[in-house]
Each structure stands twice: as structure tokens, then as C-alpha cells.
Number of protein chains: 2
Amino acid sequence: MGNSAILSSRPVVTPPPVSVVAGRSRRRHDAARAVTLVAQRLATEHGLDGFTMEQLADAVGVSRRTLFNYFPTKDDAVLGELPPVEERALETFRARGPSGRLLLDLGVLATHLIGAISPEPEEVRALQLVLERNPRLMVKANARFEDYVAGFRREIAEREGYAADDIRPRVAVAVVVSLYESALKEFAAGSDRRPFTEIFAETVAAARSLVHE
Amino acid sequence: MGNSAILSSRPVVTPPPVSVVAGRSRRRHDAARAVTLVAQRLATEHGLDGFTMEQLADAVGVSRRTLFNYFPTKDDAVLGELPPVEERALETFRARGPSGRLLLDLGVLATHLIGAISPEPEEVRALQLVLERNPRLMVKANARFEDYVAGFRREIAEREGYAADDIRPRVAVAVVVSLYESALKEFAAGSDRRPFTEIFAETVAAARSLVHE
DNA sequence: AAATGCACTCTATGGGTAATAGTGCAATCC
DNA sequence: GGATTGCACTATTACCCATAGAGTGCATTT
């Protein structure tokens with residue numbers, strides 16, 4: 001359990017629910033990502049309330065007003081955007097692929113999303129610290145993540161044709177999310193510098209071995 | 001991810017790590033439980049900072065000073081104590097029982113602990129609300145829970161003879177905790193008034209069906 | 001032995017104010 | 001033509017300080 005919030009380092013622009021990152025969007029995404037990296041650095045060095053949007057704007061090289069074109073609030077600038085779901089990956093999932101087994105396919109989708117984040121352990125630790133020191137930000141991070149995974153629950157219910165009150169979407173997402181969080185803790189605590197995707201895969205494998213023992 | 005904190009309603013005194021509830025301890029536990037119920041009621045009605053320890057003491061019928069004999073802080077009085085692990089249940093677990101399969105046995109232990117809580121849905125919802133409105137309390141609740149489950153991780157590593165850096169204890173606990181939290185959400189949201197243990201069992205069954213599909 | 005009264009220390013909260021986040025619109029720039 | 005920006009404004013939050021209340025230790029009472 002744990003009150004681990006999703007930690008996005010190097011997050012990507014949240015596009016419309018399902019979209020392909022392209023041309024203008026790509027440039028926008030890269031710009032927003034740069035804002036977030038700087039915002040996270042400033043938050044780590046000075047605290048969340050220790051830097052102003054003016055300072056962030058200066059550090060990024062845009063106007064303060066423009067920052068609000070990328071992010072609705074200062075908190076969102078620091079948290080960044082959650083990884084987008086690429087259209088092809090989602091179509092595969094909807095078509096009950098790649099394996100036909102829900103938990104496995106959800107794990108594949110999660111791996112894909114995790115690959116889009118590619119955090120460094122120091123970044124995860126730093127952002128964890130910022131969150132710990134700012135319960136407001138943690139609450140917001142968790143609310144955002146909850147909305148994000150709610151979308152996956154809906155996709156699951158639809159793919160599997162579950163009834164509206166079926167608890168399996170919630171359970172499936174809860175299990176995969178718990179593995180993600182467990183892996184994130186290992187990643188942040190680890191000293192061996194393996195990529196996060198590798199640690200997630202190892203965590204999934206450990207869960208599988210526990211289930212099939 | 002959820003930021004669901006453990007919600008203890010009708011919590012039991014946190015005894016020494018492994019102990020049997022008896023005589024004097026039972027009376028102490030009942031008294032502490034009464035304090036927590038009143039504290040939770042006051043927090044729900046007035047907010048966490050909207051009642052004083054003096055008021056809580058008056059409502060319970062003890063002196064303010066005595067409250068601190070039961071709980072180290074006001075927050076702890078509201079959160080209550082986490083359920084104790086009964087000695088017999090722990091001995092069974094340590095002896096690799098009841099089934100010999102770690103995840104199943106951990107689920108049995110969790111069911112036992114959940115049985116000791118027996119919350120009502122209104123209580124869960126009320127306490128969730130208090131936590132939402134008081135990030136400080138939520139942070140504390142989560143830190144306590146993290147310590148609590150760390151103990152189970154140690155028990156698992158010992159029971160299974162895992163190496164110190166083996167990730168399986170963390171994964172096993174993460175999965176069971178995610179099922180607990182998922183069940184808690186269903187319980188708080190539900191309108192059919194089934195006991196929490198039943199909903200947890202249903203959640204475990206759903207996870208099992210997803211794994212074996 | 002546990003509860004309690006009491007006096008004290010420490011910390012967090014409340015209120016007022018100023019700083020900053022957030023907003024809308026028009027002008028400018030690429 | 002769309003994005004950026006400047007600007008003036010509104011709304012909200014952080015900061016500061018004093019006070020209330022949480023927390024503490026000890027002696028007395030039950």
C-alpha cells in the first residue's frame with residue numbers, strides 16, 4: 001500500500017485521450033517537457049513555493065503568460081503530463097491483443113507507457129522528496145493518476161464486455177499499478193542503474209512466479 | 001494509483017509486534033478504541049483541527065493527560081491503532097501454513113486482520129473525507145501503514161528464506177495490499193451492505209480468475 | 001499502577017497583508 | 001494565421017506574528 005504517487009519524470013504532454021504524437025504536437029510536447037524539467041529542478045532546489053512562474057519563465061526562455069499555454073497551473077508544470085496512449089497500442093489492446101489475456105496485455109500496455117517516461121533514479125527520488133514536502137502536490141498528483149487509470153478501467157470493461165458493476169477492471173488495474181509502484185520503489189532505491197522498464201519487467205516476473213508457485 | 005490510505009475504523013490497540021490480547025491489555029485496547037471512535041466522530045463533525053484534546057477527553061470521560069497514555073499524538077488518536085497480529089495466526093504463517101503457497105497464505109493473514117477491523121461503510125467514507133481534507137493526516141496514515149507492512153515483508157523473507165535483496169516480499173505485499181485497497185473502495189462505495197471481509201474475498205477471487213484466464 | 005492535575009515547552013493555526021498564481025484581451029511577432 | 005507576449009486585472013495562497021492548543025514531565029491522588 002503506500003501512498004506512492006505516480007512519479008513522472010520526463011513526462012510527455014497529455015494529448016487527447018487517444019492520439020498520435022505528430023508534427024506540431026511533437027514540438028509542443030517537447031516544449032512542455034522542457035518546462036517541466038526546469039520546473040522540477042527549481043522545485044527540488046528551492047521548494048515548490050520557492051520559485052515563481054516568472055523565474056520559471058526566465059529559466060525556460062518564454063514569457064510567464066506562455067507557461068499557462070502549456071500547463072493550467074504551476075503544480076501541473078511541476079508534475080508534467082502523463083504519458084499518452086499511442087493509437088496503435090490502444091487499438092491492439094482493444095482488439096484483445098497481443099495475447100488475449102487481460103492481465104498480460106495490460107502489463108504490455110503499461111510497459112509501453114513506462115517506456116515513454118524513462119526517468120532517472122535521481123529524478124524520481126528528487127520528485128518524491130518534493131511530493132513528500134508538499135502534501136498539496138501529492139494529493140493533486142494522485143488525483144490526476146486516478147483519473148488516468150480510470151480511463152484504462154473503462155477500456156478494460158469495454159474490451160472484455162464486462163457489466164458496469166463488474167469489479168475485474170478495478171482489480172486488474174489495481175494489480176498492475178501495484179507492480180508499477182513496487183518497481184518504482186526498487187528503481188528509486190536501487191544503485192545498479194538498470195532502466196526502469198527492466199525493473200518493471202522483473203517485478204512482473206516475480207509476481208508471476210509467486211502466482212504459479 | 002491510488003492514494004488510498006489505510007482506513008481503520010474500530011481499530012484495535014497496536015499491541016507489541018506479536019501478542020495475544022488478554023486481560024489488562026483487553027481493557028486498555030477497549031478504552032483506546034473508544035477514544036478513537038469518539039475522535040473520529042469529532043473529526044468528522046468539526047474537522048481535524050476543529051476539536052481540542054480537552055473536548056475529546058470530556059467526551060470520552062477521561063482527563064486530557066490520560067489521552068496521551070493511549071495515543072502519542074492527536075493524529076494517532078484519530079487514526080486509531082493498526083490491527084494486531086495474533087500469535088497463533090503468525091505462527092501458522094511462519095510455519096508456511098495454511099496452504100504452503102505464499103500469496104494464498106498472505107491473503108489468509110490479511111483476511112484475518114481485516115476481520116479484526118470490521119468497519120462500517122459510513123465510517124470508512126467519513127474517515128476518507130477527514131483524510132482528504134487533511135493531507136497531513138493522510139501522510140501520517142500512510143507512513144504508519146508502510147511501517148506496518150514492512151513487518152510483513154520481513155516475515156515473508158524469513159518464512160521463504162529469500163535473500164535480503166529479493167524483491168518478492170515487496171511484490172507479494174504490494175499485490176495483496178492493492179487487493180485490500182481495491183476492496184476498500186468497493187466497500188466504501190457500495191450500497192449493498194455486505195461485510196468488508198466478503199468484499200475482500202470477492203476481490204481476491206476476481207484477481208485469481210484474471211490470473212488463470 | 002494508572003489516572004490526573006498542573007505548569008511548562010513546543011508547535012501549529014488563524015488573521016491580515018502582500019506576493020504571486022491565474023485570467024482575459026489585444027498587440028506583436030514569426 | 002497562429003503563437004507569443006505584454007499588460008492590467010482578479011483570485012488565491014504564502015508569509016508573519018501572536019495565540020491557542022498539542023505535547024511533556026513530574027508529583028499527587030485514586
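The figures here come from the full heavy-atom set of this structure, side chains too, leaving out hydrogens, waters and symmetry mates. Treat the numbers as computed from the prediction; the structure is a model and nothing was measured. Reminder, nothing fancy here: chain letters follow the sequence lines and each chain counts from 1.
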**Item:** Test log, rule salt bridge (Lys or Arg N to Asp or Glu O under 4.0 Å), inputs A:E158 and A:R153
**Value:** CA-CA 9 Å; A:E158 186 159 339; A:R153 283 200 287 268; over 6 Å; no

### Query
A:F187 and A:Y180: aromatic ring centres closer than 6.0 Å?
no

Side-chain N or O of A:R136 less than 4.0 angstrom from OP1 or OP2 on D:dA14?
-> yes

For B:A126, the side chain to side chain contact (heavy atoms under 4.5 Å, CB included) test, sequence neighbours excluded, returns B:T44

Under 4.0 Å between a side-chain N or O of B:Y70 and OP1 or OP2 of C:dA3?
yes

B:F68 atom CZ is separated from C:dC6 atom C1', nearest whole Å, by 14 Å

Here the distance between atom P of C:dT13 and atom NE2 of B:H46, to the nearest Å, is 18 Å

So, with a heavy-atom separation below 4.0 Å from DNA chain D, the residues of residues 50-67 of chain B are B:F51, B:T52, B:M53, B:R64, B:R65

Under a 4.0 Å N-O cut-off, is there an ion pair linking A:R170 with B:E181? no

For A:R194, the side chain to side chain contact (heavy atoms under 4.5 Å, CB included) test, sequence neighbours excluded, returns A:D192, A:E198, A:I199, A:E202

In whole angstroms, the gap separating C1' of D:dT19 from CG of B:D49 amounts to 15 Å

Here the distance between atom P of C:dA12 and atom CG of B:D75, to the nearest Å, is 10 Å

note: B:L137, atom CG; C:dT13, atom C1'; distance rounded to Å ~ 16 Å

B:F71 CZ to D:dA22 C1', in whole Å, measures 16 Å

Whole-Å distance, B:N69 CG to D:dT29 P, equals 18 Å

With A:K74 as the cation and A:F51 as the aromatic partner, state whether NZ or CZ is under 6.0 Å from the six-membered ring centre and within 45° of the axis. yes

Whole-Å distance, A:D76 CG to C:dA21 C1', equals 13 Å

